[in-house]
Asker: 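Here you go, one structure.
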Amino acid sequence: MAVLAVSAVLGGDYRKSGDVAWTTSGDAQGFHVMTARESEGYAWKTTASLTEPGFDADQWIGNACVTASGDHTVVVYAPRTFTNDVRLMARGGFTAVVGLASGSVTKLPLMTSLSYYNPGCGADETAVLTQSMGEDRAAPSIAWATQGMVDVFTRTTISVPWETRATAASSLRMRAPRG
């Protein structure tokens with residue numbers, strides 16, 4: 001009966017679909033990347049759980065984006081209490097790349113911002129990661145940010161970090177216009 005109900009909603013060929021939905025969730029055990037495959041009736045499963053040793057956290061929080069291929073998630077995560085400290089909020093988030101199919105986790109040696117716009121996945125297999133200077137370092141009315149790109153295939157930084165003296169509302173890697 002349950003299979004008939006799923007077919008009625010998703011269509012008779014749903015088991016042949018490659019569609020994958022994803023989301024994140026945090027609790028005291030970690031920040032979780034979750035996936036649901038149409039071929040499995042969109043049943044949610046935890047693909048990866050991210051934590052760091054030595055932190056007694058009541059909840060792990062974070063942000064994530066998926067690369068253009070849909071194969072990788074770039075994640076910034078930290079204990080919830082990091083948002084109470086301007087330095088940790090601006091440049092204390094841990095970073096990782098998660099393989100959505102395999103659940104593989106590659107932790108990156110970068111501490112980045114927990115701001116809503118970080119990380120930023122764009123038109124290819126790279127992501128922009130931002131380390132804000134924070135209120136403890138910035139001059140009045142000037143926001144500083146250091147940004148760099150990471151290649152999710154090699155898990156390496158592929159650009160020299162650059163600084164901006166502007167408020168960043170979004171960080172996305174875009175393809176250059178053709179002309």
Side-chain angles (χ1 to χ4, degrees), residues 18-40 42-55 57 59-83 87-134 145-164 168-176:
D19 289 351
V20 178
W22 70 276
T23 192
T24 59
S25 175
D27 58 26
Q29 283 69 51
F31 189 66
H32 314 289
V33 176
M34 302 174 69
T35 55
R37 302 184 183 293
E38 182 178 10
S39 62
E40 298 170 0
Y42 286 115
W44 288 101
K45 69 176 184 177
T46 301
T47 302
S49 293
L50 302 167
T51 61
E52 295 297 323
F55 293 97
Q59 181 178 10
W60 286 82
I61 61 165
N63 301 310
C65 64
V66 173
T67 60
S69 68
D71 294 337
H72 301 94
T73 305
V74 180
V75 185
V76 175
Y77 61 100
R80 181 192 58 78
T81 55
F82 277 31
T83 61
R87 292 167 300 151
L88 295 173
M89 175 69 185
R91 52 193 177 277
F94 301 99
T95 56
V97 176
V98 175
L100 287 177
S102 66
S104 64
V105 174
T106 302
K107 294 186 177 182
L108 304 175
L110 305 168
M111 302 302 287
T112 61
S113 174
L114 291 166
S115 297
Y116 69 91
Y117 53 80
N118 191 50
C121 294
D124 52 20
E125 293 304 295
T126 61
V128 175
L129 294 162
T130 301
Q131 185 185 71
S132 303
M133 297 311 283
T146 301
Q147 296 181 319
M149 284 192 298
V150 63
D151 182 314
V152 299
F153 287 128
T154 63
R155 284 27 172 209
T156 57
T157 302
I158 60 170
S159 72
V160 175
W162 65 92
E163 287 191 359
T164 61
S170 183
S171 299
L172 292 177
R173 167 85 162 85
M174 305 299 285
R175 287 190 184 134

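This one's a predicted model, so the numbers in the text were calculated from it and none came from an experiment.
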Asker: Enter the distance from S113:OG to M89:CE here, rounded to the nearest 0.5 Å.
Answerer: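 If we round to the nearest 0.5 Å, S113:OG and M89:CE are 5.5 Å apart.
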
Asker: In chain order, what residues pass the ring-ring contact (aromatic ring centres under 6.0 Å, His included) check against F82, with sequence neighbours excluded?
Answerer: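 Partners of F82 under the ring-ring contact (aromatic ring centres under 6.0 Å, His included) test: F55.
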
Asker: Between G26 and F31, which heavy-atom pair has the shortest distance, and what is it?
Answerer: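 Taking every non-hydrogen atom into account, CA-CD1, 4.1 Å.
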
Asker: Got V33 and L100 here, is their nearest side-chain heavy-atom distance under 4.5 Å?
Answerer: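 Yes; the side chains approach each other to less than 4.5 Å.
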
Asker: What I'd like to find out is whether the side chain of L129 reaches to under 4.5 Å of the side chain of N118, using heavy atoms alone.
Answerer: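 L129 vs N118: side chains touch.
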
Asker: Can you tell if the side chain of T51 reaches within under 4.5 Å of the side chain of W60, non-hydrogen atoms only?
Answerer: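 Yes, their side chains come closer than 4.5 Å.
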
Asker: So V105 and K107, do their side chains get closer than 4.5 Å, heavy atoms only?
Answerer: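 Counting from C-beta outward, K107 and V105 do come under 4.5 Å.
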
Asker: Is there a side-chain contact between V75 and T24 in this structure, where contact means two heavy atoms from C-beta onward sitting under 4.5 Å apart?
Answerer: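 No. Closest side-chain heavy atoms not under 4.5 Å.
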
Asker: Are any non-hydrogen side-chain atoms of P79 and F94 less than 4.5 angstrom apart?
Answerer: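 Yes - at least one pair of side-chain heavy atoms lies under 4.5 Å apart.
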
Asker: Evaluate V74 against C65 for side-chain contact (heavy atoms from CB on, under 4.5 Å), listing each step before the verdict.
Answerer: CA-CA 6 Å; V74 180; C65 64; 4.1 Å; yes

Asker: Rounded to the nearest 0.5 Å, what separation is found between the CG atom of L110 and the OG1 atom of T130?
Answerer: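 Rounded to the nearest 0.5 Å, the CG-OG1 separation comes to 11.5 Å.
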
Asker: Is any side-chain heavy atom of Y42 closer than 4.5 Å to one of D19?
Answerer: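 They are in contact (side-chain heavy atoms under 4.5 Å apart), so the answer is yes.
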
Asker: Is any side-chain heavy atom of S49 closer than 4.5 Å to one of Q29?
Answerer: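 Contact flag for Q29/S49 side chains = no.
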
Asker: I need the minimum non-hydrogen distance between A78 and G93, along with the two atoms involved.
Answerer: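 Here A78 and G93 meet closest at CB-CA, 4.3 Å.
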
Asker: Could you give the distance from NE2 (H72) to OG (S102), rounded to the nearest 0.5 Å?
Answerer: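 If I round to the nearest 0.5 Å, the distance is 7.5 Å.
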
Asker: Check whether N63 reaches the backbone of Y117 with its side chain - one donor and one acceptor, N or O, closer than 3.5 Å.
Answerer: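 Such a contact is absent between N63 side chain and Y117 backbone.
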
Asker: Going from OG1 on T112 to CZ on R91, what distance comes out if it is rounded to the nearest 0.5 angstrom?
Answerer: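 Spacing of OG1 (T112) from CZ (R91) equals 12.0 Å.
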
Asker: Do the side-chain N and O atoms of T35 and T47 include a donor-acceptor pair separated by under 3.5 angstrom?
Answerer: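 Side-chain D/A pair, T35 to T47: present.
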
Asker: Does E125 reach the main-chain N or O of T67 with its side chain, forming a donor-acceptor pair under 3.5 Å?
Answerer: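 Answer holds: no.
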
